[in-house]
*Asks:* 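Take a look at the following structure, please.
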Amino acid sequence: MPLAVDPITAFQLPEQGSSFAPHYDLLYAVLFWGSVFFFLVLIGPMIYFALRYRRRPGEPIRPTPPHLTHNALIEIAWIAVPLVLVVALFVVGTVQYIDASVAPANAYTIQVRGSMWSWGYTYPNGVESGVLKVPSDRPIKFLIGSKDTIHSFYVPAFRLKMDAVPNRYTTWWFQPTRQGRFPVYCAEFCGDQHSQMVSAIEVVSPEEFERWMAQKLKEMQEGIPLAELGRRIYTGELPRGAACLACHSLDGSRLVGPSFKGLWGRQERMQDGSTVTVDEEYIRESLMRPQARIVEGFGPVSAMQTYEGVLSDREVLGIIEFLKTVK
Amino acid sequence: MTTEAPAPATAELRGEPAPSYLQEPRGLWSWLTTLDHKRIGILYLISVTAALFVGGLFAMLIRLELISPELSFFSSTLAYNQAFTLHGAIMVFMFVIPGIPAALGNFVLPLMLGAQDVALPRLNLASWYFWLAGSALMIGAILAGGIDTGWTFYIPYSSTYSREGDAVLLALGGVFILGFSSIFTGLNFVVTMHKLRCRGMGWFRMPLFLWAIYATALLQIVATPVLGITLALAMVERAFGVGIFRPELGGDPVLFQHFFWFYSHPAVYIMILPAMGVISELIAVHSHKKIFGYRAIAFSSLAIALISFLVWGHHMFTSGQSQVAGAVFSFLTFLVAIPTAIKAVNWVATLYKGQIALRTPMLYALGFLFVFIVGGLTGIFLATVSINLHLHDTYFVVAHFHYVMVGGTVMAFLGGLHHWWPKMFGRMYNERAAKLGWLLVVGGFIWTFLPQFIMGSRGMPRRYATYNMEGLEVHQPLHLMSSLGAWVIGAGMVWTLCYLVYSIFKGRRAEVNPWRAVSLEWDVPSPPATHNFPIDPHVDFGPYDFERIDEATGLIRPGPESQRLLAAAAVKTLPPGAEEENSG
Ligand code: HEM
Ligand SMILES: [Cu+2]
Ligand SMILES: [Cu+2]
């Protein structure tokens with residue numbers, strides 16, 4: 001919404017850094033000016049009446065005529081008008097919200113991990129970093145988790161935040177609209193250094209990002225990429241409890257558990273009749289709480305033991321990356 | 001209608017003035033063991049005012065710290081975190097929740113109903129003692145090291161990471177007990193309203209304050225146990241290591257948030273509904289005009305109470321709850337705006353062609369409207385789920401809830417206090433001093449909190465001890481402004497306390513009915529006698545039938561039935577000769 005002078009962002013709202021921000025700011029402006037309007041509609045008459053209808057000392061009290069004690073038309077109008085307005089707001093707000101929370105399929109996924117009191121980032125190729133650089137040419141999705149207490153990953157320039165909760169993933173995504181450096185804050189109170197738990201997102205050109213990433217990869221040297229890490233855990237080359245391979249095939253054949261062939265993104269029917277789209281959170285849940293949801297046709301209880309405390313966070317991500325590759 | 005000067009019911013019967021409830025019985029012990037609702041109201045008034053000032057002191061310290069971006073006033077961020085936690089917890093649980101119902105409500109509710117007392121006077125006294133016990137535990141928590149979790153006690157921070165785990169446990173215990181105090185009050189009021197309305201007092205003859213108290217009492221009874229259960233679960237988890245909320249034990253920390261807000265959202269309406277009731281009284285009485293849309297206001301209180309149970313998830317839009325839940329909670333939250341808007345319009349409409357006396361209680365009512373409407377409208381911002389993503393947990397939310405809780409509840413509390421003060425203590429405060437106090441409080445309030453909306457919309461997160469980080473230093477001027485405003489509010493509060501206390505000793509004696517109101521508390525002496533009504537009243541008029549006021553005396557003209565009862569009682573009780581004097 002490149003208006004010359006935006007009446008709102010001029011004195012409220014930070015600079016815009018995401019494709020979501022202009023939509024956000026427009027709705028904010030509607031709310032702001034709508035509120036100013038309704039404020040005046042109520043307060044104007046209030047002040048006027050209070051000054052106009054003063055009681056003179058000793059003035060006898062008049063009985064109130066009935067038409068001044070209720071008026072069905074006013075009351076119904078005053079229910080109907082706000083109702084229509086809030087329903088409209090609800091629709092627009094919810095559509096925006098769904099847009100902001102459901103990432104496009106081609107989003108580049110970066111894991112964000114809050115801990116007392118810093119943010120850490122893991123890229124799909126396994127590179128771990130304390131600074132967050134992203135390329136400006138594609139949608140970026142954050143997979144947010146926490147190592148300890150609850151934090152909240154907040155970037156005012158993008159108008160987005162989401163809590164980082166231990167033992168689960170949450171997400172948000174954004175499409176950069178310009179390059180630059182945007183501060184990141186923790187928005188959920190997390191103790192002594194809560195206010196110092198800051199970081200920044202650097203949105204850079206794709207070329208610069210590739211250069212930086214190549215450098216990072218080199219630095220990682222003996223570190224293995226996530227998908228490869230996941231493959232090794234799957235096969236048991238890297239022993240982590242029972243190897244997945246014992247119960248899950250890669251070729252579609254049915255063993256003790258469902259096959260992993262084409263699992264990523266699939267709609268799975270569950271024993272209780274619900275359906276689930278296989279995503280990061282579902283995989284994590286299946287590893288940590290195998291009994292939580294069981295695929296139709298298996299069970300009644302899952303034969304799988306929990307991997308809670310067995311797998312590190314990076315290893316869980318490795319398994320996720322690996323499963324994405326099993327077509 | 002008769003033309004002879006009718007005196008209020010009690011005055012009619014007294015040979016010499018009956019001692020007021022303040023005078024008899026005497027002695028501290030008689031106060032500490034009193035079952036009189038008026039005295040319990042005063043005990044509560046003193047206690048919650050003390051809580052208000054302690055909580056306010058912490059607020060001043062917080063604002064001192066925030067003048068500069070670095071840590072400057074407190075010795076550590078921990079100390080700052082403890083200060084804002086105590087500020088919030090004391091204000092919410094010890095002042096705002098009990099404030100209007102337990103202090104003002106206790107005093108006026110039975111009088112308004114024409115009842116001699118509440119239905120369960122012992123429970124009433126117990127409620128106050130529970131308040132004391134709960135508050136003592138909270139103070140104990142301060143002494144045990146202080147809590148630094150925020151008034152919301154989110155797990156796992158409060159359960160696992162807070163350094164002062166024992167203090168947290170004490171504070172949870174305190175809140176648990178304060179919850180019982182609140183339940184007792186609510187239960188008592190519901191029973192009283194069902195059972196003890198005097199003759200002629202139909203539901204629709206009750207002053208609107210009582211409708212609001214009724215809706216509040218239902219919330220207190222239904223919602224507060226959930227808080228108790230939640231805190232009990234958290235304590236069990238801590239004591240026995242059973243995994244309920246704590247992730248490291250296999251629990252779900254977000255479940256705690258659901259439980260917490262399932263209580264605490266209705267609780268914000270426990271805070272505001274009584275305030276709305278007070279405002280309905282103040283506006284009608286001081287405009288001497290029947291309230292516009294009595295039934296709409298009465299039923300909107302119930303509607304708000306009902307809907308308020310279904311919206312708790314709006315505090316958790318960014319907690320990772322599903323998108324469907326987010327959408328549903330957003331929709332339901334918008335619905336709360338409708339009954340709220342109805343009330344606001346009806347208040348303004350009541351002013352139209354009224355006979356308005358701009359005395360202090362009325363000024364507070366107008367001040368309430370001015371700021372509360374902003375609070376409600378910014379609630380709409382926050383209810384819009386996409387807009388919430390940016391504003392949640394910033395100063396915008398801080399400003400929103402101060403606009404509704406301070407601008408709303410505290411202002412209504414002060415307005416109600418100035419309204420019923422002559423009845424409570426039989427003395428008038430100095431009107432000019434009170435107007436100055438009003439100016440300081442309302443002006444200081446806007447000065448303090450308006451800048452916080454702007455900071456919040458620009459992305460200043462809440463609960464930050466320091467803001468010298470990239471992108472936040474720019475907020476320093478607004479923080480400074482906010483801190484200066486806080487001193488103005490503080491000065492206004494201290495000033496108010498001074499002239500009110502002064503008036504108890506030196507104030508002009510109050511008339512029976514200084515405001516020319518027609519609810520029953522204005523038909524007994526100021527201050528009332530220990531026994532509210534010498535004969536059980538009979539009402540044949542509505543709470544806002546101001547034409548029932550007798551111009552000459554300022555008293556309510558008794559209807560035919562009341563006159564008959566009075567006459568019958570007078571024959572029995574008055575000394576010989578007095579009758580003649582009366583009918584002359
Ligand atoms: C039209 C009426 C109202 C609406 C639509 C509304 C809406 C909201 C929403 C959506 C939030 C969540 C903000 C967030 O944390 O992201 C919120 C927070 C809050 N509201 Fe309201 N609200 C209204 C009136 C009130 C009233 C009357 C009170 C109390 C007297 C109140 C007290 C609070 C408090 C205490 C919080 C924040 C608590 C915390 O996080 O510490 N609100 N409100
Ligand atoms: Cu944090
Ligand atoms: Cu709420």
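In what follows, chains are A, B, ... by sequence order, proteins preceding strands, each numbered from 1.
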*Asks:* Passes side-chain contact (heavy atoms from CB on, under 4.5 Å), A:Ile79 versus B:Ile342? Steps please.
*Replies:* CA-CA 7 Å; A:Ile79 294 177; B:Ile342 291 176; 3.6 Å; yes

*Asks:* Let me know if B:Ile155 has heavy atoms under 4.5 Å from chain A in its side chain, its backbone, both or neither.
*Replies:*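 The backbone, not the side chain.
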
*Asks:* Return the orientation label for the B:Tyr157 and A:Phe189 ring planes: parallel under 30°, perpendicular over 60°, tilted otherwise.
*Replies:*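 Ring orientation, 0 to 90° scale: perpendicular.
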
*Asks:* If you take the centroid of each ring, where Trp contributes its six-membered ring, are A:Tyr185 and B:Tyr467 closer together than 6.0 Å?
*Replies:*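 Centroid distance B:Tyr467-A:Tyr185: not below 6.0 Å, so no.
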
*Asks:* Between B:Tyr80 and A:Ser195, is any pair of side-chain heavy atoms under 4.5 Å apart?
*Replies:*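 Side chain of B:Tyr80 against side chain of A:Ser195, heavy atoms only: no contact under 4.5 Å found.
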
*Asks:* Examine whether an atom of A:Asp192 lies under 4.5 Å from a heavy atom of chain B, and if so say whether it belongs to the side chain, the backbone or both; otherwise answer neither.
*Replies:*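 Both backbone and side chain of A:Asp192 come within 4.5 Å of chain B.
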
*Asks:* Between B:Ser319 and A:Asp163, which heavy-atom pair has the shortest distance, and what is it?
*Replies:*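 Of all heavy-atom pairs spanning B:Ser319 and A:Asp163, the closest is CA-OD2, 3.5 Å.
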
*Asks:* Give me the atom names and distance for the closest heavy-atom approach of A:Lys147 to B:Tyr161.
*Replies:*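 Shortest heavy-atom contact: O-OH, 4.4 Å.
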
*Asks:* Heavy-atom distance under 4.5 Å to chain A: side chain of B:Asp545, backbone, both or neither?
*Replies:*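 Answer is neither: B:Asp545 stays 4.5 Å or more from chain A.
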
*Asks:* As an exercise, state the distance from CD of A:Gln196 to OG1 of B:Thr466, rounded to the nearest 0.5 Å.
*Replies:*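 It comes to 3.5 Å.
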
*Asks:* By a 4.5 Å heavy-atom criterion (distance strictly below it), what part of B:Val254 contacts chain A: side chain, backbone, both, or neither?
*Replies:*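 The answer is the side chain of B:Val254.
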
*Asks:* In terms of relative ring orientation, are B:Tyr352 and A:Phe49 parallel, tilted or perpendicular, with 30° and 60° separating the classes?
*Replies:*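 Geometry flag for A:Phe49 against B:Tyr352: tilted rings.
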
*Asks:* Check each atom of B:Ile387 against the heavy atoms of chain A and say whether the ones under 4.5 Å are side chain, backbone, both or neither.
*Replies:*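 Looking at B:Ile387, backbone and side chain both touch chain A.
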
*Asks:* With rounding to the nearest 0.5 Å, note down the distance linking CZ in A:Phe90 to CZ in B:Phe334.
*Replies:*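 It is 8.0 Å, given to the nearest 0.5 Å.
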
*Asks:* Among A:Glu281, A:Lys161, A:Gln96, A:Met162, which residue forms the greatest number of heavy-atom pairs with chain B at distances under 4.5 Å?
*Replies:*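 Between A:Glu281, A:Lys161, A:Gln96, A:Met162, the count favours A:Lys161.
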
*Asks:* How many angstroms lie between atom OG1 of B:Thr318 and atom CG of A:Leu160, to the nearest 0.5 angstrom?
*Replies:*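 Reported to 0.5 Å precision, the distance equals 11.0 Å.
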
*Asks:* Given heavy-atom pairs under 4.5 angstrom as the criterion, report whether the side chain, backbone, both or neither of B:Gln82 touches chain A.
*Replies:*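 Looking at B:Gln82, nothing touches chain A.
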
*Asks:* So which of A:Leu83, A:Thr94, A:Asp148 has the biggest tally of heavy-atom pairs under 4.5 Å with chain B?
*Replies:*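 Ranked by heavy-atom pairs under 4.5 Å with chain B, first place is A:Asp148.
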
*Asks:* Looking only at non-hydrogen atoms, find the nearest pair between A:Pro60 and B:Gln355 and report the distance.
*Replies:*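 In this case the closest contact between A:Pro60 and B:Gln355 is O-NE2, 2.9 Å.
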
*Asks:* Using heavy-atom distances under 4.5 Å, tell me whether A:Thr170 contacts chain B through its side chain, its backbone, both, or neither.
*Replies:*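 Contact with chain B involves the side chain of A:Thr170 alone.
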
*Asks:* In terms of heavy-atom proximity below 4.5 Å to chain A, should B:Ser322 be classed as side chain, backbone, both, or neither?
*Replies:*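 For B:Ser322, the contact with chain A is made by the backbone alone.
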
*Asks:* Under a 3.5 Å threshold, yes or no: a donor from one side chain and an acceptor from the other, between A:Tyr154 and B:His392?
*Replies:*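 The criterion, which ignores hydrogens and geometry beyond distance, is not satisfied for B:His392 and A:Tyr154.
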
*Asks:* Side chains of B:Phe381 and A:Phe32: does their closest heavy-atom pair fall under 4.5 Å?
*Replies:*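 Yes; the side chains approach each other to less than 4.5 Å.
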
*Asks:* Of the backbone (N, CA, C, O) and the side chain (C-beta and beyond), which part of A:Met288 lies under 4.5 Å from a heavy atom of chain B, both, or neither?
*Replies:*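 A:Met288 has no heavy atom closer than 4.5 Å to chain B.
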
*Asks:* Heavy-atom pairs under 4.5 Å with chain A - which of B:Gln323, B:Lys290, B:Glu547 has more of them than the others?
*Replies:*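 Answer, by heavy-atom pair count under 4.5 Å with chain A: B:Gln323.
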
*Asks:* A side-chain contact here means heavy atoms from C-beta on lying under 4.5 Å apart; do A:Cys186 and B:Pro461 qualify?
*Replies:*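 Contact flag for A:Cys186/B:Pro461 side chains = no.
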
*Asks:* Can you check whether A:Gln193 reaches B:Thr77 side chain to side chain, under 4.5 Å on heavy atoms?
*Replies:*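 Sidechains of B:Thr77 and A:Gln193: in contact.
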
*Asks:* So, do B:Phe370 and A:Phe39 have ring centers that fall under 6.0 Å from each other?
*Replies:*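 Here the rings of A:Phe39 and B:Phe370 have centres that are less than 6.0 Å from each other.
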
*Asks:* Go through B:Phe292, B:Tyr294, B:Tyr154 and name the one with the most non-hydrogen pairs under 4.5 angstrom from chain A.
*Replies:*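 With the most close heavy-atom pairs to chain A, the winner is B:Phe292.
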
*Asks:* Can you tell me which of A:Ala50, A:Gly34, A:Ala157, A:Ala100 forms the most heavy-atom pairs within a distance under 4.5 Å of chain B?
*Replies:*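 Maximum pair count with chain B is reached by A:Ala50.
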
*Asks:* What part of A:Ala200 gets closer than 4.5 Å to chain B, counting heavy atoms only: side chain, backbone, both or neither?
*Replies:*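 The side chain, not the backbone.
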
*Asks:* Select, from B:Lys289, B:Lys353, B:Met469, the one with the greatest count of heavy-atom pairs under 4.5 Å involving chain A.
*Replies:*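 Looking at each option in turn, the highest pair count goes to B:Lys353.
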
*Asks:* So which part of B:Ser162 gets closer than 4.5 Å to some heavy atom of chain A, the side chain, the backbone, both or neither?
*Replies:*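 B:Ser162 has no heavy atom closer than 4.5 Å to chain A.
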
*Asks:* Roughly how far, to the nearest 0.5 Å, is the CD1 atom of B:Ile283 from the CE atom of A:Met46?
*Replies:*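 Rounded to the nearest 0.5 Å, the CE-CD1 separation comes out at 8.0 Å.
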
*Asks:* How close do A:Leu13 and B:Arg458 get, counting heavy atoms only, and between which atoms?
*Replies:*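 Heavy atoms of A:Leu13 and B:Arg458 come nearest at N-CG, 3.8 Å.
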
*Asks:* By a 4.5 Å heavy-atom criterion (distance strictly below it), what part of A:Phe20 contacts chain B: side chain, backbone, both, or neither?
*Replies:*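 For A:Phe20, the side chain is the part near chain B, not the backbone.
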
*Asks:* Would you check if A:Trp78 and B:Asn346 make a side-chain contact, meaning some heavy-atom pair closer than 4.5 Å?
*Replies:*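 A:Trp78 does not reach B:Asn346 side chain to side chain.
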
*Asks:* May I ask you to name which of B:Ile549, B:Asp148, B:Leu358 has the most heavy-atom pairs under 4.5 Å with chain A?
*Replies:*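 Looking at each option in turn, the highest pair count goes to B:Leu358.
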
*Asks:* Could you walk me through whether B:Ile356 and A:Arg55 pass the side-chain contact (heavy atoms from CB on, under 4.5 Å) test, one step at a time?
*Replies:* CA-CA 5 Å; B:Ile356 298 169; A:Arg55 182 175 185 220; 5.8 Å; no

*Asks:* Before you tell me yes or no, could you show the steps for A:Arg159 and B:Leu389 under side-chain contact (heavy atoms from CB on, under 4.5 Å), namely the whole-Å CA-CA distance, both residues' side-chain angles and the distance that decides it to 0.1 Å?
*Replies:* CA-CA 7 Å; A:Arg159 314 284 187 271; B:Leu389 298 180; over 6 Å; no

*Asks:* I need the A:Ile61 CD1 to B:Arg516 CZ distance, nearest 0.5 Å.
*Replies:*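 Result: 7.5 Å between the selected atoms.
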
*Asks:* Which heavy atom of A:Gly191 sits nearest to which heavy atom of B:Asn81, and what is that distance?
*Replies:*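 Minimum heavy-atom separation between A:Gly191 and B:Asn81: O-ND2, 3.5 Å.
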
*Asks:* Of all heavy-atom pairs between B:Pro253 and A:Ile150, which one has the smallest distance, and what is that distance?
*Replies:*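 What the structure gives for the nearest pair is CB-CD1, 4.1 Å.
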
*Asks:* Are any non-hydrogen side-chain atoms of B:Ile380 and A:Leu89 less than 4.5 angstrom apart?
*Replies:*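 The answer is yes, as the side chains (C-beta and beyond) meet within the 4.5 Å cut-off.
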
*Asks:* If you count heavy-atom pairs under 4.5 Å between each of A:Arg62, A:Glu188, A:Glu308 and chain B, which one has the most?
*Replies:*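 Most heavy-atom pairs under 4.5 Å with chain B: A:Arg62.
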
*Asks:* Begin from the C-alpha positions of B:Glu248 and A:Asn167 and carry the test side-chain contact (heavy atoms from CB on, under 4.5 Å) through to its verdict.
*Replies:* CA-CA 9 Å; B:Glu248 71 276 20; A:Asn167 280 1; over 6 Å; no

*Asks:* Most heavy-atom pairs under 4.5 angstrom with chain A, which of B:Ala465, B:Gly354, B:Ala357?
*Replies:*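 Going by pairs under 4.5 Å, I would pick B:Gly354.
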
*Asks:* Just give me the residue among A:Ala72, A:Pro82, A:Ala164, A:Ser101 that pairs up with chain B most often, heavy atom to heavy atom, under 4.5 Å.
*Replies:*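 Among A:Ala72, A:Pro82, A:Ala164, A:Ser101, the one with the most close pairs to chain B is A:Ser101.
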
